[in-house]
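Step one of this worksheet: look at the structure below.
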Amino acid sequence: MALPFARSLCLCRRGAKRLGVAAAEARRGISFKLEEKRAHSSLLLFKGDTGVKYGMVGLEPTKLALNVERFREWAVVLADTAVTSGRHYWEVTVKRSQQFRIGVADVDMSRDSCIGVDDRSWVFTYAQRKWYTMLANEKAPVEGMGQPEKVGLLLEYEAQKLSLVDVSRIAVVHTLQTDFRGPVVPAFALWDGELLTHSGLEVPEGL
């Protein structure tokens, strides 16, 4: 039996709306939190484990749960969600920090290392009011990016790329060519101030 026109139109609109929601969800990047149990003892997590702040003293070692996965030498924290495919975008709000690193790392990187020091992590680092790329402890300057308030990262797994994004212009400032061999996670290192992460975002148009 044919549906009345008005009801048929209503059903079509509902279907289109559901498809639109599904398409928007498909465009969203990973949603993650930071893993306290793996974080270095000088790092304190806040706002539902989406932010990290540096403390000179940090957490009492005797109060920390024993965990061989915890970073021991460097102030590093990893996200709790791994990426194995797709394009993903997240942002980081920077507060009172003059020295930090943001990027991605192998899920099983050495807990005695720091992101950017080994060849299984790919990062952008901010220090001495300048931006650099960093891989295997080698730095290269990044031009066209000022002192940050908020920055974006675009991860393109199949294309093997990680890009630093100027969120004020929604423009890629610099792209790192990578060589992912397995799952990677968002990674952060911090020596002052605090960082607040914003994940589960759609990749902005034009990127």
Side-chain angles (χ1 to χ4, degrees), residues 30-61 63-65 67 69-83 88-107 109-118 120-139 141-142 145-155 162-167 173-174 176 184-199 201:
I30 58 168
S31 181
F32 62 81
K33 292 186 177 181
L34 306 177
E35 284 203 302
E36 189 280 330
K37 66 181 181 181
R38 292 183 170 88
H40 187 268
S41 61
S42 65
L43 299 179
L44 306 172
L45 304 190
F46 67 99
K47 202 166 184 180
D49 294 345
T50 62
V52 57
K53 62 179 65 177
Y54 181 81
M56 289 295 289
V57 177
L59 301 173
E60 283 278 350
K63 295 181 180 179
L64 294 174
N67 186 355
E69 289 292 291
R70 186 178 292 279
F71 282 88
R72 294 175 282 274
E73 302 295 329
W74 299 84
V76 175
V77 61
L78 303 180
D80 63 358
T81 305
V83 174
H88 304 273
Y89 175 78
W90 60 94
E91 295 178 345
V92 181
T93 296
V94 182
K95 295 186 177 181
R96 299 180 299 280
S97 181
Q98 297 297 319
Q99 188 175 3
F100 60 89
R101 297 175 189 175
I102 54 176
V104 297
D106 278 359
V107 294
M109 73 168 288
S110 170
R111 274 25 179 191
D112 291 318
S113 186
C114 184
I115 57 173
V117 171
D118 62 12
R120 305 315 309 153
S121 56
W122 302 263
V123 304
F124 294 97
T125 178
Y126 183 79
Q128 299 176 332
R129 299 184 179 182
K130 294 182 180 180
W131 282 96
Y132 304 88
T133 62
M134 196 167 183
L135 172 64
N137 216 23
E138 292 189 4
K139 294 197 300 185
V142 172
M145 190 79 161
Q147 185 168 359
E149 293 183 359
K150 181 183 285 187
V151 297
L153 287 178
L154 174 64
L155 171 63
L162 178 69
S163 298
L164 181 66
V165 177
D166 183 338
V167 299
V173 175
H174 191 92
L176 268 172
V184 295
V185 290
F188 309 85
L190 184 66
W191 289 274
D192 63 357
E194 61 188 59
L195 304 176
L196 180 62
T197 65
H198 313 277
S199 63
L201 306 176

**OP:** Tell me, with the steps shown, if L153 and V165 meet side-chain contact (heavy atoms from CB on, under 4.5 Å).
**Re:** CA-CA 6 Å; L153 287 178; V165 177; over 6 Å; no
Do [X] side-chain atoms and [Y] backbone N/O form a donor-acceptor pair below 3.5 Å?
X    : Y    : answer
S199 : F32  : yes
R72  : S41  : no
S97  : E194 : no

Can you confirm whether [X] sits close enough to [Y] that some side-chain heavy atom of one is under 4.5 Å from a side-chain heavy atom of the other?
X    : Y    : value
W122 : D106 : yes
I102 : L195 : yes
L135 : L176 : no
L78  : R111 : yes
R96  : D192 : no
T93  : K150 : yes
V151 : W131 : yes
Y54  : L43  : yes

Original post:
When rounded to the nearest 0.5 angstrom, what distance separates NZ in K47 from CG in L196?
Top reply: 5.0 Å
Subject >> Euclidean distance, L44 CG relative to L190 CG, rounded to 0.5 Å >> reply: 10.0 Å
**OP:** Examine F188 together with W74 and report whether their ring centres are nearer than 6.0 Å.
**Re:**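 No, the ring of F188 stays outside the 6.0 Å limit from the ring of W74, centre to centre.
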Write down the atom of [X], the atom of [Y], and the distance for their closest heavy-atom approach.
X    : Y    : answer
S113 : F71  : O-CD2, 3.8 Å
E91  : V167 : OE2-CG1, 3.5 Å
A82  : V107 : CB-CG1, 4.0 Å
A105 : I115 : CB-CG2, 4.1 Å
A127 : Q99  : CB-CG, 4.3 Å
C114 : V76  : SG-CG2, 3.8 Å

Subject >> Among Y126, W191, Y132, the one residue meeting side chain to side chain contact (heavy atoms under 4.5 Å, CB included) with R101 >> reply: W191
Original post:
Step by step, would you call V104 with V83 a side-chain contact (heavy atoms from CB on, under 4.5 Å)?
Top reply: CA-CA 10 Å; V104 297; V83 174; over 6 Å; no
Original post:
Does the distance from a Lys or Arg side-chain N to an Asp or Glu carboxylate O, for R70 and E35, drop under 4.0 Å?
Top reply: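 Salt bridge flag = no for E35 with R70.
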Original post:
How are the rings of H174 and F124 set relative to one another: parallel (under 30°), tilted (30 to 60°) or perpendicular (over 60°)?
Top reply: perpendicular
Original post:
Is Q98 atom CD crowded by more than 12 heavy atoms from other residues, nucleotides or ligands, each under 6.0 Å away?
Top reply: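 Enclosed: over 12 neighbouring heavy atoms sit under 6.0 Å from CD of Q98.
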